[in-house]
2 protein chains.
Amino acid sequence: MPRRTPVRRSAAKATLTREAIAEAALALIDADGLEALSMRRLGTALGVEAMALYHHFRGKGELLDAVMERLLDEAELPVRGSAPPLERVRHFVESYRKIAINHPHAFILLTYRRFNTERTFELYERFLEALADAGFDPPLAARFFRLLGYYVGGAGLADIASRAAQPDATPVSLEKSPPGERYPCVAAVAPHLRVRNLDAIFEFGLDVIFEAMKKAAARR
Amino acid sequence: MPRRTPVRRSAAKATLTREAIAEAALALIDADGLEALSMRRLGTALGVEAMALYHHFRGKGELLDAVMERLLDEAELPVRGSAPPLERVRHFVESYRKIAINHPHAFILLTYRRFNTERTFELYERFLEALADAGFDPPLAARFFRLLGYYVGGAGLADIASRAAQPDATPVSLEKSPPGERYPCVAAVAPHLRVRNLDAIFEFGLDVIFEAMKKAAARR
DNA sequence: ACCTGAACACCGTTCAAGT
DNA sequence: ACCTGAACACCGTTCAAGT
């Protein structure tokens with residue numbers, strides 16, 4: 001097991017709340033990675049026995065749901081009237097991607113765990129409301145809702161993977177052994193896939209999707 | 001810790017190879033989930049001590065890379081000349097999504113672990129070759145390469161999450177407590193997001209992306 | 001070269017007990 | 001109501017030893 005910084009026992013030891021626990025859990029994940037989050041380590045960080053946490057969460061799954069809610073608090077939900085509907089949606093999607101950038105170890109939770117708490121329903125509602133305001137009927141709203149969700153989830157994860165060090169991987173990497181003549185197309189494209197280009201690539205994909213949305217909205 | 005079927009000790013106990021180990025690992029993941037894959041359980045399944053596996057893989061990370069290669073064997077790579085370039089790409093992307101459907105517990109490996117083995121380079125090469133054949137220069141190929149990768153990765157994960165039971169989640173789910181008047185847009189769209197619609201939704205998103213690719217290809 | 005077995009430092013969770 | 005402490009059934013990996 002790799003790098004895990006010594007856990008700083010909280011001096012304050014304020015009374016435990018779900019919010020404080022989720023906050024500490026996210027801090028631990030941000031610092032040391034998702035695998036480093038354990039009930040024992042989290043307890044230690046909060047100055048408490050691991051089992052104390054079970055008084056606030058039924059188990060680790062519920063704790064992770066609370067961390068997801070904390071993450072989603074950082075997304076800027078579409079607010080009715082603040083801007084034209086599709087602009088609201090785009091801003092929201094861009095803010096969602098920032099969660100991936102700011103919490104590379106935690107973001108994956110948002111892609112493989114279901115959204116099923118009150119606050120996540122609120123997010124869906126604001127998102128779908130903006131799509132309705134843009135003129136999409138429910139079937140079409142469902143399609144663009146999923147398309148955008150797929151895109152921003154996949155982009156977040158892929159960009160994190162591109163940025164991450166992966167010490168446990170099979171040694172031999174694209175950077176170290178240049179593709180050369182065996183992989184000419186890879187060699188030609190690789191320079192355009194550097195980390196510094198990922199923001200522009202993300203926006204390009206959004207352009208493609210929003211172009212289609214504008215056209216679909218104009219058709220009705 | 002949930003359901004883990006008793007491990008069937010292999011009768012044959014053929015000599016250990018990387019391929020046989022990766023195969024058994026994938027079978028274990030398919031049956032019981034990614035968290036159920038442990039070196040100990042895998043050893044037992046193969047009729048061998050856990051430590052024997054370390055003679056073939058440096059650690060669990062390398063083993064997971066081998067499982068990824070096994071998964072990617074199920075993708076149908078674009079083959080030059082078999083069809084027009086964009087059709088080749090679309091067929092490949094659709095076959096990639098089938099990996100998610102067929103290996104819901106393992107697919108996530110392909111989204112958060114980097115591709116950095118020979119066989120994954122081969123996949124990149126065939127993919128990018130088809131994009132080059134379609135007429136895209138390297139910068140544009142890079143953009144559509146990522147766009148498609150984001151989409152198919154995100155779609156695979158999201159569809160898996162939609163289909164999966166999640167016993168450790170916070171109880172209260174969209175299906176159980178109908179949104180009603182608090183979430184009217186969710187209520188309107190939810191019927192169109194049922195599992196049986198996910199295939200059509202995936203194809204809709206591909207239509208959007210390939211429409212843009214056709215237009216971009218025509219411009220040169 | 002390939003595998004074993006004991007050991008080390010971890011996990012999530014149950015359960016009975018304390019205050 | 002909230003927390004502790006011991007216990008149970010697990011982890012990945014190191015290391016020395018066997019063949």
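Quick note: numbers below take in every heavy atom, side chains included, and nothing from hydrogens, waters or symmetry partners. Residue numbers start from 1 in every chain, and the chains themselves are labelled A, B, ... in the order their sequence lines are given, proteins ahead of strands.
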Pair assignment for DNA chain D - dot-bracket with | for other-strand partners, Watson-Crick or G-U under 3.5 Å: ||.|||||...|||||.||
Flag if over 12 foreign heavy atoms under 6.0 Å of CZ, Arg58(B):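 Check fails, neighbour count at 12 or below.
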Taking atom [atom2] of [N] as reference, at what distance in whole Å does atom [atom1] of [X] sit?
| X | N | atom1 | atom2 | result |
| --- | --- | --- | --- | --- |
| Met39(A) | dC3(D) | CE | C1' | 14 Å |
| Arg18(B) | dC2(C) | CZ | C1' | 15 Å |
| Leu34(B) | dG12(D) | CG | P | 11 Å |
| Met51(B) | dA7(C) | CE | P | 15 Å |
| Glu35(A) | dG12(C) | CD | P | 12 Å |
| Phe57(B) | dC3(C) | CZ | P | 12 Å |
| Leu37(A) | dG12(C) | CG | C1' | 11 Å |
| Leu53(B) | dG12(D) | CG | P | 10 Å |

Glu125(A) side chain reached by Arg182(B) side chain, heavy atoms, under 4.5 Å: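 No - every pair of side-chain heavy atoms lies 4.5 Å or more apart.
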dC3(C) phosphate, OP1 or OP2, under 4.0 Å from His56(B) side-chain N/O: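 Checking His56(B) against dC3(C): at least one side-chain N or O falls below 4.0 Å of OP1 or OP2.
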For Arg146(A), salt bridge (charged side-chain N to carboxylate O under 4.0 Å, His left out) partners two or more places apart: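 Checked Arg146(A) against salt bridge (charged side-chain N to carboxylate O under 4.0 Å, His left out); matches are Asp159(B).
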Atom pair [atom1] ([X]) and [atom2] ([Y]), whose distance is rounded to the nearest 0.5 Å:
| X | Y | atom1 | atom2 | result |
| --- | --- | --- | --- | --- |
| His105(B) | Leu26(B) | NE2 | CG | 12.0 Å |
| Leu193(B) | Tyr124(A) | CG | OH | 8.5 Å |
| His91(B) | Glu76(B) | NE2 | CD | 3.5 Å |

Select one nucleotide: of [options], the one nearest the side-chain heavy atoms of [X].
| X | options | answer |
| --- | --- | --- |
| Arg41(A) | dT13(D), dC11(C), dC3(C) | dC11(C) |
| Glu49(A) | dC11(D), dG12(C), dG5(D) | dG5(D) |
| Ser38(B) | dC3(C), dC3(D), dC11(D) | dC11(D) |
| His55(B) | dC2(C), dT13(D), dA1(D) | dC2(C) |

Pairwise 5' ranking along DNA chain D for Ala50(A) and Arg40(A), keeping only the more 5' one: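 Upstream on the strand: Ala50(A).
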Lys/Arg-Asp/Glu bridge criterion (N-O < 4.0 Å) met for Glu129(A), Arg126(A):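 The answer is yes: the pair qualifies as a salt bridge.
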